[in-house]
Protein chains: 2
Amino acid sequence: MNTISDIKITQSLTSKINEVDFENLTFGSIFTDHMLICDFKNGAWQQPEIKPYEPFLIDPSAKVFHYGQAIFEGMKAYKDAANDVWLFRPDQNFERFNKSATRLAMPEVPEFVFIDGLKTLINLDKAWVKHENGSSLYIRPFMIATGSGVIAQPSTQYRFMIILSPAKSYYSGEVKVIIAEHYSRAANGGIGAAKAAGNYSAQFYPTKLANDEGFQQIIWTDDATHTKLEEAGTMNVFFRINDTLLTAPTSERILDGVTRKSVIDLAKRENIEVEVRSVLVEELVHAAKEGSLKEIFGAGTAAVINPIAGFSYQGTYYELPKLETSFAQDIKTKLTAIQTKDAEDTFGWTVKV
Amino acid sequence: MNTISDIKITQSLTSKINEVDFENLTFGSIFTDHMLICDFKNGAWQQPEIKPYEPFLIDPSAKVFHYGQAIFEGMKAYKDAANDVWLFRPDQNFERFNKSATRLAMPEVPEFVFIDGLKTLINLDKAWVKHENGSSLYIRPFMIATGSGVIAQPSTQYRFMIILSPAKSYYSGEVKVIIAEHYSRAANGGIGAAKAAGNYSAQFYPTKLANDEGFQQIIWTDDATHTKLEEAGTMNVFFRINDTLLTAPTSERILDGVTRKSVIDLAKRENIEVEVRSVLVEELVHAAKEGSLKEIFGAGTAAVINPIAGFSYQGTYYELPKLETSFAQDIKTKLTAIQTKDAEDTFGWTVKV
Ligand SMILES: Cc1ncc(COP(=O)(O)O)c(C=O)c1O
Ligand SMILES: Cc1ncc(COP(=O)(O)O)c(C=O)c1O
């Protein structure tokens, strides 16, 4: 069994923390003083190391650059009033990370490296997690293929890393979405269900086209028929028709979001009816026209819940009603309270660092 | 107008060339003494630089690691008996590179940087290109997103690089393929037609499963129905039924291969009938059963032409006949002769460095 003392720690001699304006943070742009690195070579994971955050050397022929062998996770830590730091369902991210690894023909990362390594790293940079309302620490574990050689084969060398970025609550302004009619993010039998780097750059160009038309996000549909509503860029999506919440089942094309499954559990606890089933574009348009479509919202780690103001389909824009009390707001408040330890965690989701 | 003198050159003080066994080269594993680097920042390409091949520093939050914003090309140079070095249709690779760039929301690379930069680089490492039978220089231009920040948005900083690797003729042994029934490489409306890094790692796991069953490659089918034959890992595919060559049309899901289009032109010149149209799996199986299926071969820069010994579909293996004179062999000989300047290039495909 590995113990924390098996992690090599080199502390930074100085801290950048005083240079940071914690009230004005751009999401994902500032990193804490330390990072975790663990290399895989000769068929085995080497000793994890925590050291000052800094650039590293890599060969121009490293397979991550040429064949996109790269996966990541996104999770958050919160500090409570007693100065304790809490993770939200880290077991889910760990499990999903290793599923992504398998799909990309990469080695699984041991729990000791991922979970214990993360806790050790956060403890070192604990001052970067703020208790102030809406503050959190965004956590980015990732793995890249560092082996060299320009032949399209899995690498034999990998680097697992964790970097940390302080975050304020994520407010993206009013979000209007467009429903995908031509472009898609995932193939049947593809890697859409993995948190693989290549899935994200594939969305940049279509998203830019959508932005140019005044929409912040795309709701992706199945690539074969474009009739089923799937998910958004980094969020699963929920639709409220009358008082029922609908969301697509996870599949090979859809990421199994931690926020999504927590929303489902929380909604059920609140006696909201939830249907996990294919949601058709025509059903959405019909509901919008007859007025039974009350809400659409995205669910993902960064924004937690992101209410959507309206959607465009085949050139028509459907504006959603402005509600006094919305499911999105209610669920966001309750979920955030659990994450920040302001409410009792009856689900057992929070884990102390 | 830029001129070659606008490229900053720092020559290596030593050469690794004497350490290299040019008779025993593993494809894509050894690199020449120099590389080209050109950075994009503040909305503009900076001065290209040729310098000794070496690892470089990059931030852990660089977008290439997290969102797979990375594209590449693969091309070859040959040395003729007079010691001149020739490129094969470099305009095609340049054009395709910039198409890939657009699809991945990356900036287009100027011709001066890509073509003149490449020629200057090759001239410096000219001794690495051998005239000996089957020798070539494999050329890998690529571009990665170097901007930092873990938010899923296009980078504002990029690095374009060219690295060179000496190669012998590529012989992969007997190649048996399996026809994809579940996994796929590309979505409708996806990035399959781009030479994007993420397309390749997506194939590693299914290919590993195929390898375990004794097949070296997968012939991908359309992801929606798995009924249409598309392409292989890094090759387009041709099917010879009786004396007609069939190959799929390029599409959003299929890379527009330079070898493929050269094979089509060459075959037509040889009065071979070529049909560019959807080829159905059932058509292939039917032809194999009735004996009209004579050949299958892959076409791509690395192997030029790769004959396939047989294919497996739904658990049945169909062995192809061993022919005295094959289209694959004939086309390979003629195409290679043009590339190496051993035959007259009536197409105007070769370009002197
Ligand atoms: C494609 C995609 N869908 C959905 C989500 C939401 O998942 P989670 O709630 O685990 O953050 C993410 C991740 O952030 C994602 O990248
Ligand atoms: C997916 C794919 N298909 C086909 C090819 C063949 O293209 P080309 O003949 O231009 O090398 C390649 C590249 O090598 C490829 O990566």
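Remember, it's a predicted structure, so these values are computed and weren't measured experimentally.
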(request) Flag the pair B:Tyr200 / A:His66 as yes when at least one side-chain heavy-atom distance between them is below 4.5 Å, and no otherwise. (result) no

Side-chain donor-acceptor pairs under 3.5 Å in residues 49-57 of chain B, sequence neighbours left out?
{"unit_1": "B:Lys51", "atom_1": "NZ", "unit_2": "B:Glu54", "atom_2": "OE2", "d": "3.3"}
{"unit_1": "B:Tyr53", "atom_1": "OH", "unit_2": "A:Asp59", "atom_2": "OD2", "d": "2.5"}

Among [options], residue most engaged with chain A (heavy-atom pairs, under 4.5 Å):
| options | result |
| --- | --- |
| B:Ile163, B:Val64, B:Asp222 | B:Ile163 |
| B:Ile144, B:Ile58, B:Thr234 | B:Ile58 |
| B:Arg253, B:Lys63, B:Met35, B:Glu252 | B:Glu252 |
| B:Ser165, B:Ala145, B:Pro206, B:Ala194 | B:Pro206 |
| B:Gln69, B:Lys208, B:Arg103 | B:Arg103 |

(request) Measure the spacing between OG of B:Ser201 and CE of A:Met106 and express it to the nearest 0.5 Å. (result) 8.0 Å

(request) Would you give the length of the straight line joining atom CG of B:Leu104 to atom OH of A:Tyr205, rounded to the nearest 0.5 angstrom? (result) 11.5 Å

Residues of [range] contacting chain A, heavy-atom criterion under 4.5 Å, by residue number:
| range | answer |
| --- | --- |
| residues 181-193 of chain B | B:His182, B:Tyr183, B:Ser184, B:Ala186, B:Ala187, B:Asn188, B:Gly189, B:Gly190, B:Ile191 |
| residues 148-155 of chain B | B:Gly149, B:Val150, B:Ile151, B:Ala152, B:Gln153, B:Pro154 |
| residues 223-233 of chain B | B:Asp223, B:Ala224 |

(message) I need the residue from A:Ile37, A:Ile71, A:Thr102, A:Thr26 with the largest number of non-hydrogen atom pairs under 4.5 Å to chain B.
(response) A:Thr102

(message) Which one wins on heavy-atom pair count under 4.5 Å against chain B: A:Ser29, A:Ala202, A:Gly28, A:Pro60?
(response) A:Pro60

(message) Does any backbone or side-chain atom of A:Arg140 lie under 4.5 Å from a heavy atom of chain B? Answer side chain, backbone, both or neither.
(response) side chain

Does [X], at its [atom1] atom, have more than 12 non-hydrogen atoms belonging to other residues, nucleotides or ligands within less than 6.0 Å?
| X | atom1 | result |
| --- | --- | --- |
| A:Lys168 | NZ | yes |
| B:Phe142 | CZ | yes |
| B:Lys16 | NZ | yes |

(message) Between B:Phe72 and A:Phe65 (judged by ring centroids, cut-off 6.0 Å), do the two rings come close enough to count as a pair?
(response) no

